[in-house]
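What follows is a short report on a single structure.
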Amino acid sequence: MSVPIADLPSSQRPRERLATLGPAALTDGELLALLLRHGRRGESALEMAAQLLAEHGGLAGLAVARPEELAMRCGVGAAKAASIIAAFHLATRARRDTATVTCLRGAADIARVAQPLFAGARVERLLVLVCDARNRLRQPVFVAEGAIDQVAVPVREILNTVLRHDGRAFAIAHNHPSGDPSPSVDDRRASTMLIEAARTVGLRFLDHVVIAGEQWRSAPPLAG
């Protein structure tokens, strides 16, 4: 029978344990239960947290779960799903902010930054790496998501994203869930479009990289 967290001894309640012992003393399930706050009838927040971790293969799987996927889980819903997604992204941003400044000198640097951000992705996603005038990374931003084998390239949204983050240069990366990093003709055409579009608004387009797991390829513009 499920025991509500409120009925547990104070020494076993995640919130009290956090206050007295610090977050490092809590298990993944206990930390997740604090985000969930409440369970549902017949299942406490601790039990729901344990089930979520089991269903997604642990924290790494849960970190790349889609909001709508989490929201469909009985007892989670849109609000709790949003809290979970937000927590993981805050952690990612905190790690990025404490890291050394990354300068994108070429396609290999772009791939090194982009690959971890595509971990676990099951559909194509389009990432913009916003840089300053010295090609130093300011902000990675996902701007589009597509079907299993294609993603549209929203040129206007890409440029607006760079300008909104005070960028002066940018690169893009997208993934091929098929596992083949070879750029398609459409990928190369997108590079051509972005070079021309960036020039019209005074930005520099650095490169377009296709990610497929541990492999990557640059997508050069089509020869004009």
request  = Rounded to the nearest 0.5 Å, what's the gap from OG1 on T192 to CZ on F205? Could you check?
outcome  = 9.0 Å

query = To the nearest 0.5 Å, what is the distance between CZ (R136) and CZ (R105)?
reply = 11.0 Å

remark   = residues 164-186 vs salt bridge (Lys or Arg N to Asp or Glu O under 4.0 Å), sequence neighbours excluded, gives E157-R164, D186-R189

message = Taking salt bridge (Lys or Arg N to Asp or Glu O under 4.0 Å) as the cut-off, I'd like each qualifying pair that reaches into residues 81-90, sequence neighbours left out, listed once.
response = none

So, does [X] use its side chain to make a donor-acceptor pair with the main chain of [Y] at under 3.5 Å?
X	Y	answer
Q115	E214	yes
S44	G39	no
N175	I211	no
R138	H165	yes
R188	P221	yes

[X] side chain near [Y] side chain, heavy-atom distance below 4.5 Å:
X	Y	answer
I158	L126	yes
D187	H208	yes
I110	W216	no
E124	P177	yes
H176	P181	no
L129	L127	yes
C103	D109	no
M193	V153	no

query = Pairs in or reaching into residues 106-138: which pass ring pair (Phe, Tyr, Trp, His ring centres under 6.0 Å), with residues at least two apart or in two chains?
reply = F118-F142

ask   = Can you list every pair that meets ring pair (Phe, Tyr, Trp, His ring centres under 6.0 Å) and has a residue in residues 25-75, with sequence neighbours left out?
value = none

Please list, one pair per line, the donor and acceptor atoms closer than 3.5 Å that link side chains of residues 68-79 to other protein atoms, with sequence neighbours excluded.
residue : atom : partner : partner atom : Å
E68     : OE2  : R66     : NE           : 3.1
E68     : OE2  : R66     : NH2          : 2.6
E69     : OE1  : R66     : N            : 3.4
E69     : OE1  : R122    : NH2          : 2.9
R73     : NH1  : E43     : OE1          : 3.1
R73     : NH2  : E43     : OE2          : 3.4
R73     : NH2  : E55     : OE2          : 3.4

inquiry  = Grouping I, L, V, M, F, W and Y whenever their side-chain heavy atoms are under 4.5 Å apart, do V64 and L90 come out in a common cluster?
reply    = no

query = Between L35 and K80, does a side-chain contact (heavy atoms from CB on, under 4.5 Å) hold up when you go through it step by step?
reply = CA-CA 7 Å; L35 282 175; K80 290 177 181 177; over 6 Å; no

key: V143 and N160: CA distance, side-chain angles, deciding distance, side-chain contact (heavy atoms from CB on, under 4.5 Å) verdict   = CA-CA 10 Å; V143 297; N160 285 341; over 6 Å; no

ask   = Only one of L194, V162, L159 clears side chain to side chain contact (heavy atoms under 4.5 Å, CB included) with V128; which?
value = V162

task = Could I get the full list of salt bridge (charged side-chain N to carboxylate O under 4.0 Å, His left out) partners for D207, not counting sequence neighbours?
result = none

message = One pair to check against side-chain contact (heavy atoms from CB on, under 4.5 Å): V210 and S182. What are the steps and the verdict?
response = CA-CA 7 Å; V210 181; S182 302; over 6 Å; no

Closest approach of A107 to S218 (non-hydrogen atoms, all atoms of both residues) = CB-CB, 4.2 Å

inquiry  = Give me the atom names and distance for the closest heavy-atom approach of V113 to P116.
reply    = O-CD, 3.4 Å

